[in-house]
Structures are given as C-alpha cells and as structure tokens.
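Here is the naming used below: chain letters follow the sequence lines, and residue numbers restart at 1 for every chain.
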Amino acid sequence: MRKDLVWLFGGVLFFGLLYLLNWGVKAISTDLLVWIGAFLSLAILSFLYQDNPFYKFAEHLFVGVSAAYWMCMGFWNTLVPNLIAKLHPPIVKGVLPAIAEKPPEYWYIIPAALGIMFLMRLSPKAPWISRWALAFIVGTTTGLNLVRYLRSDFVGQIKSTLIPVIVVENGSLSVGGSFSNIVIVLGVLCGLIYFFFSKEHKGIFGVASRVGIYILMITFGASFGYTVMARISLLVGRMQFLFGDWMGLLQ
Amino acid sequence: MNPDKPKMGFFETIANIDRRVIFLFVGFAVIIPVLLSFSCREEATPIVQSIFDKIESLPEGSKVLMSFDYGPSTVPEVQPMVDAFLRHCCEKNLKIYMMALWGTGHNLISESMEDIIKEEFPHKVYGLDYVNLGFKAGQQGLINVILTDLKKMYTTDALGSEIDAVPMMVDIRNLKSFDLILSMGGGFPGIKEWVLFGGDPGNIPVAGGATAVSAPLLYPYYPRQLLGLLGGIKGAAEYESALIKGYPKFKTYSHPGIDMMGPQTVAHIVIVLFIVIGNITFFMGRKKEEEEKREGGALK
Amino acid sequence: MKTFSYSFIFYCLLGLILLATTDGLAQVESSDSLLSPLLPPSEVIAEDHPGDAGGAIIVRWKLSPDEDKGITGYEILRSASPTAEFSSVGFAATGANRYVDANTEDSLTYYYKVVAIDADRNASESEISPPVRSSPQWFNFHLLNLLIIGGLICGAVIYFIAHAKKGKKFFLRKIAGLEAVDEAIGRATEMGRPILFIPGILDMDDVQTIAGITILGRVAKTIAQYETKLNVPTSRSIVMSTAMETVKEAYISAGRADAYSDDFVHYVTDEQFGYVAAVDGIMVREKPATCFYIGAFFAESLIMAETGNSIGAIQIAGTAMPAQLPFFVAACDYTLIGEELFAASAYLSGEPKQLGSLKGQDVGKIIAMLAIVIGALLETFFAISGSSFFGSLAELVHKLFSIVAS
Amino acid sequence: MRRQIPLIITFIVGSVLIISVFIPHKPFGQLGENFSVYFDIIAVFAFILGAGNLLRVHGNRIYRKHKDWPYSVVTVAGFTVMMIAGLFKIGGSPGITGDLTEPGSMFEELYMYVFTPLMATMFALLAFFVASASHRAFRAKNKEATVLLLAAFVILLGRTPFGVKLTSWLPDPLSFLEIPNLASWIMSVPNMAGQRAIMVGIALGVIAMALRVILGVERTYLGADSE
C-alpha cells in the first residue's frame, strides 16, 4: 500500500469520524456540505507547510471540477444562445423560449466556420487550416488593441498630465499644489526616459533615467503596501468560515 | 577566513528565517483575533468623520437619497457601510430614499430593508420613513434626468405603488429636493457619476462608500466635490466606531467592519514588524560582514 | 442699526418684487391660460449627429430668456410630422442648450420642439424645428486627432522597420531580464531540472498573451539546443494549441525536431485559482530551475512567484498589468516592466527589422514628452498670467489629446 | 503559399479593424463588438482541444502508473462528474430547461461546496505570501530598494492605528507630514506619475508589437511551417 494514500484515506476517515461523532453534540456544524468545504479549505492551507497528499487531492479535484465548470458555462452561456440560437432559433425553444421566436442570423456561420477551422488541428490531413483561424484571431486582437491602447493609455494619460506646474489658488501661489504637479510632470517624463531603448542612459539622460527608476520604485512600493490589507481580509473571511460556520466557535 | 563552516549568528538566522515561521505568525495574527473577537478602536479619519458629522447635523425629517451601486461580489466590503448608514439615518429619524444604478442593487435594497430597517427599527413605516425606488437603467443618464425631474423616471416605487401615493414622495421634485446623496459602490456607474452628474451640477452634497481598490481613484474629489468617503472595510469600521461612539446602544449590534478590522490590523502590524526586523538584521549582518572584510584586509 | 436699515430696504424690495410677480401671474391666468409666464427657448435646430453609425440626432436651442427665473430644465419633444402629436424623448438640465436623441430611425424624418419648464410645472414651447434625418457617416471627425497621433507613431515604427531592413544599425540599451535568459536556461541544463514557462492566464484576445507566446517561441529555440525539459501549462485551450505550434516550430528550426514532445505544452483549467493550484503543484514536485512568467497576470502573480522563490528557481517575469508589477518586482529576479514585455520578443529575435520597431517606439515617447512639456508650460503661463492667448493655446493642446466617446 | 495565407489574413483583418474605428458606417462600426462574440464562440470550440488534452495527460498518467496516478483519477472523476452535471443540468428543473446555475441543481451544489471553498482558500494564501514577500523584498539593499521600502512602509503604516498615532502630535503647519497624509500624497502624486509613465510605455509597446504582427515581421505565433 502506498504511504501517501494511507495518509490521505486515514485523514478522510478521521474527518468523517469527527463528523459522525459530533453530530448534534456541540456547536460544530452538522451540515455535511460545510464539512466538505472545511476539509478542502484545510487541504489547501496545508500547502503552506509543504506539499502533501491532501493538497495533491484538493489540487487535482480543483483542476477537474473547474475545467468542466468553465466548459459547461461556455456551452450553455455562449454556444447555445450566441451560436445555435442565432443559426436555428427553434432548436432552443425548450431552453430559451424568448429567443426561439426570432429570425435566424446567418452571418453567425462565420464564427462557426472559424471554430471548426480551429479544430482542424486534430485532422491528420489538413492541420494547417487551423492556422487560418489563428491568423484571424491574432489579426483582430492586434488591430483592436492597437487603437484601444492608443486611445485610453497613450492619448488619455497624456491628457491627464497637461497640468500647470505652478498652481495659483484664489490669486495666491499654492506651494503644495505646485510641488505635487511638478512631481507628477517630472515623474512622468523621467519614467518615460527610463523606458528609452535606443539612447544610452548617460549624462543628463542617465540622471533622468535614474529618477525614473526611483519613481517606478515608489509606485511599486506604494501599490504593494496598499494591497496588503485587502489580501489579509481574504484570509479573515476564510478563518471566519472555519471557526464560525464550521466549528461554531464564533457568535 | 574560517575553514570550518561558519556558525550562523543570531542575525543570519533571523535574516534567513524559514518562511513557514512567517506564515505561522501571520496565521496566529489572524486566528487569535478572530477567535477572541478582538477589535481595535478605530478612530474615524476626517474623510469618514465628515459624513458622520453631516448626517448628525441634518434635522429630523431631512431627506437622504441612498443609491445601491454594487453587486454580490463586493457585498462583503460594501454591505457593512450600507448597514451603518442605514442605522445612522434611522436613528436620526431621517427619511431614506433607496434606489439603484446597478441591476444587482435591486435585491440588495430589499435585503437591507429586511435585515436592518424592519429588523432593528420595526416602528419605521414604509412610505413614511423609507421608500424603495428600485433599479432603473440609464446609468449617468438617469442621474442627469432625475436632476431636473425625478418623477419622470420613477412613476411608481419598487413595489408598484403610484409614486404620488407614497406620502414621503409628495414633496420630492428632483435631486435638489434631497439634503444628501449617499452612493455605495465603487464601480461604474457609482460615486464618480453621482459627483459629476448629480452633486456638481445640482450643488447637492454627495458622499459614499467605495471598495478599497476603487477608493484611491475618488480621493481627488474630496473634499470639494465629495463630502466624505468610506474606503473599503477600514472605512466601514471607522464609521461603525463613530456610530458606536455617538450612540453606545449600537455596540450590541452587528459590526462586521470592526470585526474584520481587528485581525487585519494585527496581521498588518506583524507584517510591518517583520519588515523592520528584516532590515535591522540585514544591516547588522552587513556591518559584521564589513568588519570581517576589514579584518581580513588588515591581515594581508 | 445700519444692518437693520439695510435689511429693511432689502425686504421692502423683495416684497415689491414678489407683489409684482404674483400680480403678473394672476393677470396671465385670468387673461389666457395658454400664455405661460415663461418665455420659450428659441432657434431650435436639429441636425444629424456627426461621426456615428446613424440613429442619433442633436437638438440645439437658444436658452429661454427666463433661464434665471426658476427654469428647472428643458423637455425635448419629437414627432414624425409637424402637425402630428409630439411626444417626449428626454430632458436637459438648466443651462443646457443641446440634447442628443440617440433613439432615431435613419429612414424617418423628425421634427423637434423644446419646452422650458419651471418649478411649478409651467411649460413654454418653442417653435418647431426644421425637418431632420439621422444618417451614418463614413468618417468620424471626432477621432481625427487620434488618427493624426496614431499615424505619427505607426509611421515612425514602419519607417524604422524599413530603415533597419536596409542594414542600418543603431544603439540599443540592455534589458537585464533578457540578458539573463541564456544564463537561466543554461543553469537549468546544468542542474538537470526543467524550465517552467507560464504565458499568463488570459486568452489570445489579449496582446500580452501574444507577446508571451512569441517570447516562448524565442526561448524554446534556445532551450531546444540543450537537453532540458520544457513545461508550459496553459489556462486556455486556444493558448495551448498556439503554444504547441510555436514550440514545435522552435524545435524544428533549431534542428531538434527529434527532441520535441507534445507533452511540453498542456492545458490545465480556465479557472484562475485552479490553474495556480496546479502550477504550484508542478513547481514543488518538479522543482524547475527556471520559471518564466510572461503574459497577463492578476492576483495569482504573487502566489506563483513566491512558490517559485521557495524552490530556489531563477525567475524572470514580464507583464503589462500595472497592478501586478510590484509583486513580480518583489519576488522575481528579473521583471520586464510594461513596455519591455512587448519589446522583448524583438530583442530576443535579434532581427534588424524587429529592432527597428523599438526605435519607432522611442519616437512615440518623444511625442508624448513633447506634448507633456508644451502642454504643461502653456498651462503654467496661463495660470500665472491669465492671458487668453496662452489659455487658447493650452486649450488647443488639450483638444488634441481629448477623445470624445463615440 | 500555405505560409503566406495566414499572414495575409492577419494583415487584412488587423488593418480593417484599425480603420474601422474611424468609420462609424455599417458594417465597420460594429466589427469590434462582433469580434468578442466571435472569439468567445471559437474559444468554446477550442474547449474540445483543451478537454482532450487534459484527459490525455491524466489518462496517460493513470495508464503508465505515473508516480501520482491516483490523483489523476481524482481529476478525471471530478471533470466527468461536473461535466455530466452541467451538460445535462442534473437535479434542476425537469429536462434541460432550467438555468445552468439554478439553486438546488447538482452543478450549483458542486460549485458552492467544492469549487468555492477551494477557490477562496487558494486566494487567501495570498495573505501569507504577501507577508513572506515583503519580509524578503523590503530591505534597504541598495538605493532603489530603499525607495521601494520607504514608500511601502509609509503606506503600510498609514493603514494601522499605530502609524496614525505616531505622527498625530505634529503641529498644524506640519500636518502634511502626518503619516496618513503622506501616504495619500504618495498614492496620488508620485505613484500616479509612475503609473502613467508605465501606461504610456505599454501603449507604445502594444502599438509597435501589433504593427510587427500585422505587417508580418513577427510571425513566431504561427508555428510550424515545415509541412
């Protein structure tokens, strides 16, 4: 008998026994589903110590269940309403009665054809056809993203940086405001200089590029620090589940 | 220098600490406060206190519009804020008008009504003290319309009653009829839209609560366009504290924000301590290294 | 005492005004109920909304002269004929002189009226607008600035690609993360351990994934020359399929078709955290000597990078997700930051054509920097001097960089 | 020729989509929206490849008695059960008429009690990793690391009551030095400047990369052309 499986089955048995013994005795949950949730949560947490049979079990279960989950979602929420129902509405009468009355939209043949082309990879004779579908996907992705990024990240971000470096508020100089704006404008400029590829980072250019690195480091440090608390709250939620919903130790 | 394997000094041991020790500390830092229901006293920061003070200052019968602009995924963060706002408004005998710019907000209004108003303030009467206007599509366009004429969009309340048959709706004409707008959410449409399309053009005070992730994007509006803001669980906890301070009876009520904050704060402090210790040991280690180097150099 | 007298005069005046107005109201009501006390908005013009796919009409009007006298907004009425009944299509706030009716049929002709409304629900209708039809356009002039800026950048990129083709060489700075790729692969070979490559968790409809896959192609070519196992778990079926083709091609072009195996690339699950759980499992069991994380990442970035760190792997990351960069910077040995991710495949290819495009990117940066410097200076001059000359210039730069939502 | 056709497709599709942004007229204006629908449909077709690969990998492990083969059985079993529960909508409304995620259906129960706890706990591991990463990375090793450390430290302190107390004694004119104020200044000024520089750079990177792909200069993604 394999040692890891002995551990795994032993653990599951122990857990099951606990479940049966505590049935209605203490504040601990009597709901089998909660117990399953608790077991799986503990199995994942055990990875923090080291890899072990419980984690392996949970991980492999997670992969199988979640892969099937998204495939079912894709089938029922995309393929059925957005393809089958468009090409031949009556077929979805039982599932989507509202759509079944609509006239068919035949241009949905195009994605269907592309999908089948993509599957031609499996064909022994013409696997190269799948590359046409891929070329279509890559062409659209690049085309769409080129304009999207140009618009919101390039033009949009530059626009927000068109600010006065000397701020006058109610007729008098605002030192704080001016300082902040100077930092923003210089920060963006130096940050961009850091990314320059085709000029050696030397002299004044090198100094600016150093400042750019510092600005990036502040950005990274600040964003990191800001996220820490949000991450901890996820763990608090899990602990509240384990100690509250499952063990019944919290009011 | 030393032919034998150098013995790890105290500082090296700490500097190269097994990360599982850190995990253990973080684990305890969360588990112990959770078990003991430990909570820190949260002091309301000015950005939170200003909302509390505003609601405090409103005379009885003032009209507060609450917009539920969030969905189930952000309920853990946003619901504590909603509950705190609702309790405060009920306690102050303000009239509460609830609406939603998000489709998902509709159910959340009903749930909040059941859980807070009906449960904790059973003497409040629907239609006199609070009303559910439900969800209407239109996003910022909706705000734009109700800025001038609210009843054009809301011909009935969410339960289907004629809008003018609801007593508290009779003297409502548009957004300007309200004394305060509270938007709870963080995404789009949300607080930002309320500020730009409602508060600014109508000159109506807008405040609200947002998720921790989206709060920084709203800071630029405070305090000129945005009266105040609760950012994430911390904001909710601060408001709950302010509420308890003002009305000690709320101490016995649920306060999920404060409950969540205790463990978070302890864990945060543990992490900060680890960073400090990490740096001290790093410098001590380096100092020692330099000394050894110097000695080594002298020997040559 | 003084204040008292002032307020006395004030209230007297107020009373007079009130008297006058109520008197006026009474008169109107008694004489003719059709005549409202409000003056209507005038010069109502409706025209097709420019630069759209049809289905929208802009209505413009001149504000009612009574704008300050309690008008609470304007209602926009529409009809298919000047004689038929008009129905409401929407409202505009006080002070607004323009409304977009985004719900029109291109085949129909419309007539518009604008009604001023005050707080007492008095209404005053404008004249009927001339007839108008909505129609789709072939060019969106609102996006002209985008076309100009985009054209400049794309032109620069294409120019330098063509320039480099002719064999013109130019300086390129080093990127530490890319310098380390060969070393990292060599180390894995020495240690006899596999190399893990994570192409992000998004699908092929994200450019970062395409960048990740092209870098995978380059890296795989180097790996093919060693006897090192490559492991590419993917979280998307299309990415799996594309990565397989890419790696296969890399091995073939390196002359090592025999060393290629279909097992290098495998699908795990579309679920973000299921994928991470599996990747973590692979890391602690196979102990890869080198981990690449190149593509689009979310919260899982740190889970993977920390696990990779704990097994002592050399880690090279690259992403254009600003929110995840800090975690990679903190936990990995090298990180390609944003733009460097997209430049990496060109760097690694070493082809002059590809490298030329990097110089084009730099021209884009110069454009951005010039715009910021000029814009900020103009804004500053305007703020100090208040001169309308600088004001209008600053406005112009602003306009060049503002994108109207279409 | 076989090599050329995909390049031509990419070129045509890519350029048409770029141009279409400026042409609101039908059918160009809608192309971008339609694509995401197309893409989702193709992705569902591709699931067949993904599922096939997953089952092949784990099937092989079981067949070859790989070290961890019993766990592969778990994956295959989990996948099969979930797939059957979802495709045939077991336990919900009669037949397949109900909603996929209908309360009480097997698919929904599996999601609630197996999928969700696994996902939430995996996500919660971040709390631990954030701590170990900051312990290791936030050290003043050199100037850059010091700047990183200081920024992170001020923000971290600003979010604890202790940090707030630490500087609350500062007199009014110096109130901008109080840690919470300093933290929000860092977030909204230097942090924002850095984010902007990164975003502008990313935009340029995407544009150049997209052009290389559309023009066929970059063709690695197309894979093998030996046949």
J.: Under 30°, 30 to 60°, or over 60°: which ring-plane class applies to C:Tyr347 and A:Phe197, parallel, tilted or perpendicular?
T.: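 Plane angle over 60°, so perpendicular.
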
J.: With rounding to the nearest 0.5 angstrom, report the CG to CD1 distance, A:Leu186 to C:Ile372.
T.: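 Here the interatomic distance stands at 10.5 Å.
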
J.: Just give me the residue among C:Glu340, C:Glu379, C:Lys359 that pairs up with chain A most often, heavy atom to heavy atom, under 4.5 Å.
T.: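 Heavy-atom pair counts peak at C:Glu379.
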
J.: With a 4.5 angstrom heavy-atom cut-off, could you sort out which part of C:Thr307 is near chain A: side chain, backbone, both or neither?
T.: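 Only the side chain of C:Thr307 comes within 4.5 Å of chain A.
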
J.: Taking side chain as everything from C-beta outward and backbone as N, CA, C, O, which of these in C:Gln272 sits under 4.5 Å from a heavy atom of chain A? Side chain, backbone, both or neither.
T.: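 Neither part; nothing is under 4.5 Å.
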
J.: Could you measure the distance from the CD atom of A:Glu59 to the CG atom of C:Asp280? Nearest 0.5 Å is fine.
T.: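 The CD atom of A:Glu59 sits 8.5 Å away from the CG atom of C:Asp280.
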
J.: Give, as side chain, backbone, both or neither, the part of C:Ala299 having an atom under 4.5 angstrom from any heavy atom of chain A.
T.: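 Both backbone and side chain of C:Ala299 come within 4.5 Å of chain A.
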
J.: Could you give the distance from CG (A:Leu192) to CG (C:Asp362), rounded to the nearest 0.5 Å?
T.: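 One gets 10.5 Å once the value is rounded to the nearest 0.5 Å.
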
J.: Which value, rounded to the nearest 0.5 Å, describes the distance between C:Leu358 atom CG and A:Phe195 atom CZ?
T.: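 Separation between the atoms: 13.5 Å.
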
J.: Of the listed residues (C:Gly150, C:Gly375, C:Ser241), which shares the most heavy-atom pairs with chain A below a 4.5 Å separation?
T.: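 Ranked by contacts with chain A, first place is C:Ser241.
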
J.: Side chain to side chain contact (heavy atoms under 4.5 Å, CB included) for A:Phe220 and C:Thr335? Distances and angles first, verdict last.
T.: CA-CA 12 Å; A:Phe220 295 150; C:Thr335 308; over 6 Å; no

J.: Which region of A:Lys56, side chain (C-beta onward) or backbone (N, CA, C, O), has a non-hydrogen atom less than 4.5 Å from a non-hydrogen atom of chain C, or is it both or neither?
T.: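 Answer is both: backbone and side chain atoms of A:Lys56 are under 4.5 Å from chain C.
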
J.: Given that the side chain runs from C-beta out, which part of C:Ile175 has a heavy atom under 4.5 Å from chain A: side chain, backbone, both or neither?
T.: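 Side chain only.
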
J.: Distance from C:Met204 atom CE to A:Phe136 atom CZ, nearest 0.5 Å?
T.: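 That separation rounds to 13.5 Å.
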
J.: Please flag which part of C:Val284 lies under 4.5 Å from any non-hydrogen atom of chain A: side chain, backbone, both or neither.
T.: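 Contact with chain A: side chain only.
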
J.: Closer than 3.5 angstrom, by distance alone: can the side chain of C:Asp270 be matched with the main-chain N or O of A:Trp70 as a donor-acceptor pair?
T.: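 Looks like no, no N/O pair under 3.5 Å.
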
J.: Which of the residues C:Ser235, C:Ala277, C:Pro322 is involved in the greatest number of heavy-atom pairs with chain A at under 4.5 angstrom?
T.: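 Heavy-atom pair counts peak at C:Ala277.
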
J.: Is it the backbone or the side chain of C:Leu377 that comes under 4.5 Å from a heavy atom of chain A, or both, or neither?
T.: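 It is neither, since no heavy atom gets under 4.5 Å.
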
J.: What part of C:Tyr267 gets within 4.5 angstrom of chain A, counting heavy atoms only: side chain, backbone, both, or neither?
T.: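 For C:Tyr267, side-chain heavy atoms alone lie under 4.5 Å from chain A.
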
J.: Among C:Ile238, C:Ile153, C:Val397, single out the residue with the greatest number of heavy-atom pairs under 4.5 Å to chain A.
T.: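 It is C:Ile238.
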
J.: How many angstroms lie between atom CD1 of A:Ile158 and atom CG of C:Leu400, to the nearest 0.5 angstrom?
T.: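 Atom-to-atom, A:Ile158:CD1 and C:Leu400:CG are 9.5 Å apart.
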
J.: Side chain, backbone, both or neither: which part of C:Ile210 has a non-hydrogen atom closer than 4.5 Å to chain A?
T.: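 The side chain, not the backbone.
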
J.: Quick one: what part of C:Val329 sits under 4.5 Å from any heavy atom of chain A, side chain, backbone, both or neither?
T.: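 Looking at C:Val329, just its side chain touches chain A.
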
J.: With no hydrogens and no angle check, is any side-chain donor or acceptor of C:Arg173 less than 3.5 Å from a backbone partner on A:Phe196?
T.: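 Confirmed, C:Arg173 side chain pairs with A:Phe196 backbone.
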
